[in-house]
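Below is one structure, written out as structure tokens; comments come after it.
Computed over heavy atoms, backbone and side chain alike; hydrogens, waters and symmetry mates excluded. Because the structure is predicted, anything quoted here is derived from the model rather than measured. Every chain is numbered from 1, with letters handed out A, B, ... down the list of sequences.
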Protein chains: 2
Amino acid sequence: MENKDTFVKKLRSSGLRPTRQRIEICKALYDRKKTFHFTISDLAKILKSKSNEKISLATIYNTVSAFKNRNYLKEISINSNKSYFDTNVSNHHHFFNESTDELIDLKNEDVGNIKLKKKIPGKKIKSVEVLIKIQNNN
Amino acid sequence: MENKDTFVKKLRSSGLRPTRQRIEICKALYDRKKTFHFTISDLAKILKSKSNEKISLATIYNTVSAFKNRNYLKEISINSNKSYFDTNVSNHHHFFNESTDELIDLKNEDVGNIKLKKKIPGKKIKSVEVLIKIQNNN
DNA sequence: AACCTACTTTATAATGATTCTAAAGTAGTG
DNA sequence: CACTACTTTAGAATCATTATAAAGTAGGTT
């Protein structure tokens, strides 16, 4: 549960002015009880229905991208034609249901610690992601 | 090191007739000492330079897709605008160098076993992929 | 409150990967 | 050799994402 002040801070610290449109985007993303997994078109659909503003795709892309760079959103690695984002930016892993294209958070204790025994000289590790693809039984 | 007979078998078992173009694609993919990571445009470039045939993009997409479905190629989960494939179809994980867009195979013993402690009722697990993103130090 | 300037929004165009289409070509069987 | 189903191909279509440039707005300054 976040309020408008928090959104303004999030935006300013991402180098963005708090505009009407961006505040609406913040509400859609962060004014939630659970973490939120989405694609840009999911978010656009939600904004269209929940908000009175018309917010252009360009603005949505622009804002999501700034939040991702500022680490207020996490992009999940999936070989999909679309990008998936997660409002939960802590280190954690995912199920991806290929039958429904839905992401599900895993708790770290559900995966166990990843013990990487190999290093590559001259490279630094940016992230470690585990993706478990599942399908509906049928 | 595989020969033409093997390629013909691969193609037939994928439901594809062995044509000149598809044999050329097989050579580019499997006539190698090391496993090969590629995007469609990588493969198209290689075919253009190594082979005398002109092979259309549509044929390359078609063949790669059939091999993927038949499990002769593995698609790697990366949030990129392009699809990445791997001729190594065994269970294994990857580094992805974000500075160069290159994939590097990890041996399973380099990652340790992934012990999944959570199941989802009514779903079956199709794959478990670990992706470690790295960047060049500079 | 009016003013100014840099940042924003927006519709639209551009790009790039992938898929589709339909006409011309080829493999494989009889 | 003939026939049919499968292929190849160039080009069009699609879809997500990025770029463009004109009109709008935030926020500081008078």
From [atom1] of [X] over to [atom2] of [N], roughly how many Å is that when rounded to an integer?
X: B/Leu57; N: C/dC20; atom1: CG; atom2: C1'; result: 14 Å
X: A/Ile55; N: C/dA11; atom1: CD1; atom2: P; result: 11 Å
X: B/Ile60; N: C/dG16; atom1: CD1; atom2: C1'; result: 16 Å
X: B/Asn69; N: C/dT19; atom1: CG; atom2: P; result: 11 Å
X: B/Lys82; N: C/dT15; atom1: NZ; atom2: P; result: 16 Å

- Task: Starting from the 5' end of DNA chain C, give me the residue, B/Tyr84 or A/Thr63, whose nearest nucleotide shows up first.
- Result: A/Thr63
- When the nearest nucleotide of DNA chain C is assigned to B/Asn81 and to B/Arg12 on a heavy-atom basis, which residue is associated with the more 5' position? B/Asn81
- If you walk 5' to 3' along DNA chain D, what is the first nucleotide with an atom under 4.0 Å of a heavy atom in chain B, and what is the last? D/dA5 to D/dA10
- Message: If the cut-off is 4.0 Å, is B/Tyr61 near the phosphate of C/dT19, judged by side-chain N/O to OP1 or OP2?
- Response: no
- Report yes if at least one side-chain N or O of B/Ser83 is closer than 4.0 Å to OP1 or OP2 of C/dT18; otherwise report no. yes
- Query: If you find the nucleotide of DNA chain D closest to A/Ala58 and the one closest to A/Ser41, which residue's nucleotide is nearer the 5' end?
  - Reply: A/Ser41
- For A/Ile40 and for B/Thr59, locate the closest nucleotide of DNA chain D by heavy-atom distance; then report the residue assigned to the nucleotide nearer the 5' terminus. B/Thr59
- Query: Is any side-chain heavy atom of A/Val89 less than 4.5 Å from a side-chain heavy atom of A/Tyr72?
  - Reply: no
- Compare all side-chain heavy atoms of A/Leu11 with those of A/Arg17 and state whether any distance is below 4.5 angstrom. no
- Task: Name every residue in residues 19-28 of chain B that has at least one heavy atom under 4.0 Å from any atom of DNA chain D, in order of residue number, or write none if there are no such residues.
- Result: B/Thr19, B/Gln21, B/Arg22
Both conditions, 6.0 Å and 45 degrees, for the charged tip of [X] above the ring of [Y]: are they met here?
X: A/Lys133; Y: A/Phe96; value: no
X: A/Lys27; Y: A/Phe7; value: no
X: B/Arg32; Y: B/Phe36; value: yes

Hey, does the side chain of [X] reach the backbone of [Y] with a donor-acceptor pair shorter than 3.5 angstrom?
X: B/Asn97; Y: B/Ser99; answer: yes
X: A/Ser13; Y: A/Lys10; answer: yes
X: B/Asn113; Y: B/Lys115; answer: no

- What's the shortest heavy-atom distance between A/Ile76 and B/Asn79, and which atoms? O-CB, 3.6 Å
